[in-house]
Amino acid sequence: MQTAWLFGALVVPQLLGFGYGARGVEREWEGGWGGALEEEREREALMLKHLQEALGLPAVGVDENLAVTPEGKLAWETQEDQGEEEEEEATPTPSIIPSPSPTHEDTITYILGRLAGLDASLHQLHVRLHALDTRVVELTQGLRQLREAAGDTRDAVQVLQEAQGRAEREHGRLEGCLKGLRLGHKCFLLSRDFEVQAAAQARCVARGGSLAQPADRQQMEALTRYLRAALAPYNWPVWLGVHDRRAEGLYLFENGQRVSFFAWHRSPNTEPGAQPSAAPHPLSPNQPNGGALENCVAQASDDGSWWDHDCQRRLYFVCEFPF
């Protein structure tokens, strides 16, 4: 019995392998060797039957498991193929085509391509940067030219302004001497515009002169007659170019010279032959009496007397021009 089992273990696998090999050969030589293969399958079936009888295995009908199909295949092979086909139909597997792994040459080629693209982009950036630099240089040159032109225009405007100032001063001087009072080397012209003392001085300077600065009694009397004739029958205070803004009681002309001649107002005496009184008159007090609050001097147009006033009062003014 052991000998029979040993014989079966050695012979059956070889026979089965031979059968599978025969099936492979069948696929290769199916066209030209159909009859020989069919005889070979019959012999295999007969040998298997005798082997089963010798080993005492249950007999299986050849027609059931090893029947030959019209195409020359065994029945059990056909059943196995059908089972495999049914399994494949039940669980379809997607066909995956593996992509080939890149080689070192492919990697180097890819890197070189990327570097070439970056180099081309860098070249375009350099070209654009050069164009921008050129544009900046052109704009800088244009800006420099505009600045030079603006400087020339500014200089021309300044020259025109200076010429206009000279013309206005010359016009004011001529107007003052033609329309006003000419006295020696001076001309006086009354302005009927109300201005504070500083603004009046500025307007006289713009016209080529200054606020009136009577230096002696002769000029004082001549200026008094001129103002009385111009403003009669009214009595208007008129700004002169005299002030004590620098120090209280120190009266100076607008040109900085110290005043040596004064014509301050004195309150009138009520009795004939009486001496001047030091007591202040309620309507016409002695001048100057403003102290630190009144630092600019104005001349009355009726009698030519001097009064100190607040410099911010708006009064008529008289200008003086050289002749």
Side-chain angles (χ1 to χ4, degrees), residues 169 172-173 176 180-181 183-231 234-269 275-323:
R169 289 191 294 272
R173 187 184 67 82
L181 172 65
L183 183 61
H185 297 286
K186 289 183 178 182
C187 300
F188 297 101
L189 179 63
L190 174 65
S191 176
R192 297 175 182 270
D193 295 331
F194 291 99
E195 295 287 355
V196 299
Q197 200 270 352
Q201 170 65 12
R203 289 186 59 178
C204 291
V205 171
R207 297 173 65 180
S210 175
L211 283 175
Q213 307 173 58
D216 51 29
R217 185 172 294 276
Q218 180 182 2
Q219 294 182 9
M220 182 64 190
E221 292 176 354
L223 182 59
T224 299
R225 292 192 297 267
Y226 170 67
L227 294 177
R228 184 186 299 117
L231 298 175
Y234 305 103
N235 180 22
W236 291 96
V238 180
W239 284 126
L240 297 178
V242 181
H243 62 85
D244 65 343
R245 289 191 296 261
R246 185 177 299 178
E248 181 63 27
L250 178 61
Y251 289 91
L252 303 174
F253 289 119
E254 289 292 340
N255 58 10
Q257 295 181 359
R258 188 168 182 174
V259 179
S260 57
F261 172 80
F262 297 94
W264 293 113
H265 173 75
R266 292 293 179 256
S267 55
N269 295 321
Q275 296 294 330
S277 175
H281 192 277
L283 298 179
S284 181
N286 293 334
Q287 298 295 317
N289 68 338
L293 299 177
E294 297 178 347
N295 296 320
C296 296
V297 178
Q299 179 177 336
S301 63
D302 58 350
D303 59 358
S305 60
W306 290 7
W307 295 65
D308 61 344
H309 290 280
D310 182 5
C311 297
Q312 297 303 314
R313 287 191 63 182
R314 301 175 67 86
L315 304 176
Y316 289 164
F317 59 93
V318 59
C319 294
E320 174 186 301
F321 303 96
F323 179 75

Just to verify, what does Gln213 make a side chain to side chain donor-acceptor pair (under 3.5 Å) with, not counting sequence neighbours? Ser210, Asn255
Under 4.5 Å between any side-chain heavy atoms of Ser301 and Tyr234, yes or no? no
Test item: Val318 and Trp239 side chains (from C-beta on) under 4.5 Å apart, heavy atoms: no
Which atom of [X] lies closest to which atom of [Y], heavy atoms considered:
X	Y	value
Gly184	Phe323	O-CD2, 4.0 Å
Ala222	Leu183	CB-CD2, 3.5 Å
Gly176	Leu189	CA-CD2, 3.7 Å
Ala212	Leu223	CB-CD2, 4.3 Å
Ala230	Leu190	CB-CD2, 3.8 Å
Gly208	Pro322	O-CD, 3.7 Å

Once rounded to the nearest 0.5 Å, what's the spacing between atom [atom1] of [X] and atom [atom2] of [Y]?
X	Y	atom1	atom2	answer
Ser305	Met220	OG	CE	7.5 Å
Arg225	Leu181	CZ	CG	8.0 Å
Tyr251	Trp306	OH	CH2	10.0 Å
Cys296	Asp244	SG	CG	8.0 Å
Cys311	His243	SG	NE2	8.5 Å
Phe194	Tyr316	CZ	OH	4.0 Å

Salt bridge (Lys or Arg N to Asp or Glu O under 4.0 Å) partners of Glu195, counting only residues at least two apart: Arg203
Is there a donor-acceptor pair closer than 3.5 Å between any side-chain N or O of [X] and the backbone N or O of [Y]?
X	Y	result
Asn295	Glu248	no
Arg228	Asp302	yes
Asp308	Val297	no

The single option from Arg245, Arg314, Arg313, His309 that satisfies side-chain hydrogen bond (donor to acceptor under 3.5 Å, both in side chains) with Gln197 is Arg245
Mind running side chain to side chain contact (heavy atoms under 4.5 Å, CB included) on Trp236 and Arg192 for me, showing each step along the way? CA-CA 10 Å; Trp236 291 96; Arg192 297 175 182 270; over 6 Å; no
Can you check side chain to side chain contact (heavy atoms under 4.5 Å, CB included) on Leu315 and Val238, steps first, answer last? CA-CA 6 Å; Leu315 304 176; Val238 180; over 6 Å; no
Fit a plane to each ring of Trp307 and His265, take the angle between them on a 0 to 90° scale, and name the class: parallel (under 30°), tilted (30 to 60°) or perpendicular (over 60°). parallel
Judged by modelled atom types alone, do Glu294 and Gln287 share a side-chain donor-acceptor pair under 3.5 Å? no
Residue pair Asp193, Phe317: steps toward the side chain to side chain contact (heavy atoms under 4.5 Å, CB included) verdict: CA-CA 7 Å; Asp193 295 331; Phe317 59 93; 4.3 Å; yes
